[in-house]
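Read the numbers this way: they start at 1 and go in the same order the structure lists the ligands and their atoms.
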Amino acid sequence: MMGNPMKSWARLLLAALAALAATGCGLDGPQSGVVSDGPVAHAQLQTFLVTLWVSIGIFAVVGGLFLYCLVKFRVREDQNLNELPLPDQGHGNPLLEVGIIFVSILLVAVIAVPSVATIFYMGEMPQGKDALVVRVTGLQWWWKFEYPSLGIVTANELAMPQGKVVKFELASPDVIHSFWIPRLGGKVDVMPGQDNWMWLQGDKTGVYYGQCAEFCGESHAFMRFRALVLDNTDFDAWVANQRATAAAASPPKELSDNGCYTCHTIRGVPGAQGLVGPDLTHFGSRLTVGAGIMDNNKENIKSWLLDPNAHKPGNVMYKAGYQAMNITMEQGEADKIADYLTSLK
Ligand code: CUA
């Protein structure tokens with residue numbers, strides 16, 4: 001049953017490679033860190049590649065020498081280890097030792113120079129460029145985005161003008177999150193009591209995936225968002241739409257019946273001024289539901305409304321709303337609310 005051990009290893013290696021391929025570890029996924037669509041991601045990628053190649057070089061040299069010695073100086077089949085003479089007991093080789101120290105220092109310098117340069121590059125706002133400020137608040141488990149200069153408040157989906165610098169001011173009221181848009185750059189911790197910031201620039205229009213990158217509670221993995229990089233015309237249209245109030249001013253009574261306004265704002269709807277949960281003013285215009293975890297369509301909204309805890313365990317809407325206030329959403333109610341929310345473009 002044992003079989004040839006070499007063959008078992010070969011089979012194991014093959015299985016491991018197949019498993020790796022099956023995970024879909026491609027390099028161009030929406031959250032890929034090796035695709036860079038802006039200057040920050042580009043600088044970070046270059047720094048990473050320098051470190052990677054230096055590491056691969058060290059691995060190849062050290063691993064190669066190791067393998068060479070293993071094979072070259074192995075005990076042959078016709079030899080007995082106990083009868084072999086001791087090797088020369090020299091003190092070493094000064095030239096080799098100094099050489100290794102020198103090469104190590106050189107390699108550290110090769111890694112350190114671009115790393116430090118990138119840290120400084122990211123740590124200063126680019127000179128001579130106007131930056132759009134976006135205030136980011138990390139909450140359990142969703143993102144609040146405010147544009148103070150534009151009077152916009154939104155959630156889980158932000159827009160960035162193409163080719164322009166955006167300064168993200170990062171804050172959290174309670175736990176630590178981390179703000180990350182893999183293809184544009186990141187990541188910087190969003191911390192209570194510590195006002196961090198970072199700048200990013202999107203050079204190509206498109207939809208970018210964002211993800212909280214610091215464990216922040218049981219639904220940390222479901223704390224996602226989307227960043228839309230829009231050309232000037234589309235960005236202006238987005239701003240104009242965000243600033244307008246929602247079209248439908250007469251919401252179904254199911255919203256107030258279920259206490260939705262306690263936590264949510266819908267501008268233009270009297271009494272809907274809650275600040276605990278995401279601003280829903282333009283909910284229907286967003287791509288996703290539940291902070292980036294599902295497509296924004298009626299089925300998913302209904303499914304969320306009927307059982308938010310199933311989608312995002314431990315969320316505040318469930319704990320402080322449904323559970324604390326003893327709310328059970330009926331199919332018919334969810335249907336009406338979903339219809340209304342979808343209409344809020
Ligand atoms: Cu927020 Cu993890």
Side-chain angles (χ1 to χ4, degrees), residues 23 25 29-34 38 40-41 44 48 122 133-148 152-160 166-200 202 207-229 263-265 274-280 283 286-296 300 304 307-324:
T23 58
C25 283
Q31 303 213 128
S32 172
V34 293
V40 172
Q44 290 177 330
F48 167 72
M122 290 166 57
V133 172
V134 178
R135 269 190 214 138
V136 176
T137 309
L139 294 137
Q140 284 175 311
W141 292 273
W142 60 283
W143 300 91
K144 183 177 181 181
F145 300 121
E146 294 167 278
Y147 294 68
I152 291 171
V153 179
T154 184
N156 303 324
E157 190 166 305
L158 65 93
M160 298 166 64
V166 178
K167 183 183 184 191
F168 294 99
E169 297 178 349
L170 310 168
S172 165
D174 38 35
V175 300
I176 304 176
H177 309 271
S178 182
F179 186 75
W180 189 30
I181 310 175
R183 285 179 165 225
L184 297 183
K187 39 188 105 148
V188 171
D189 276 1
V190 183
M191 302 176 77
Q194 161 85 36
D195 294 330
N196 289 341
W197 63 271
M198 72 185 302
W199 70 271
L200 294 175
V207 177
Y208 291 87
Y209 281 53
Q211 169 75 53
C212 177
E214 177 87 41
F215 182 72
C216 54
E218 59 189 310
S219 280
H220 148 73
F222 303 128
M223 187 172 167
R224 307 173 196 166
F225 62 101
R226 296 288 187 275
L228 316 174
V229 176
C263 297
H264 295 285
T265 291
L275 295 172
V276 177
D279 186 305
L280 302 177
F283 182 92
R286 292 177 201 150
L287 296 170
T288 65
V289 185
I293 61 173
M294 299 186 282
D295 287 341
N296 188 355
N300 286 341
W304 169 271
D307 192 355
N309 206 49
H311 294 285
K312 192 172 278 194
N315 75 82
V316 173
M317 176 158 148
Y318 173 74
K319 281 201 299 195
Y322 286 41
Q323 207 177 32

Calculate, to the nearest 0.5 Å, the distance between atoms CG and CE belonging to Leu228 and Met160 respectively. 10.0 Å

Give a yes or no answer on whether the side chain of Asn156 reaches the backbone of Thr288 with a donor-acceptor pair at less than 3.5 Å. no

In residues 208-218, what donor-acceptor pairs under 3.5 Å come from side-chain atoms, sequence neighbours left out?
| unit_1 | atom_1 | unit_2 | atom_2 | d |
| --- | --- | --- | --- | --- |
| Tyr208 | OH | Asp37 | OD2 | 3.1 |
| Tyr208 | OH | Lys204 | O | 3.0 |

Tell me every residue that passes ring pair (Phe, Tyr, Trp, His ring centres under 6.0 Å) with Trp141, counting only those two or more places apart in sequence or in another chain. none

Regarding Arg135 and Glu169, does a basic nitrogen lie under 4.0 Å from an acidic carboxylate oxygen? yes

Spell out the protein N/O/S atoms under 2.8 Å from atom 2 (Cu) of ligand 1 as residue plus atom name. Cys212 SG, Glu214 O, Cys216 SG, His220 ND1

Can you name the side chain to side chain donor-acceptor pair (under 3.5 Å) partners of His311, sequence neighbours left out?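 Partners of His311 under the side chain to side chain donor-acceptor pair (under 3.5 Å) test: Ser303.
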
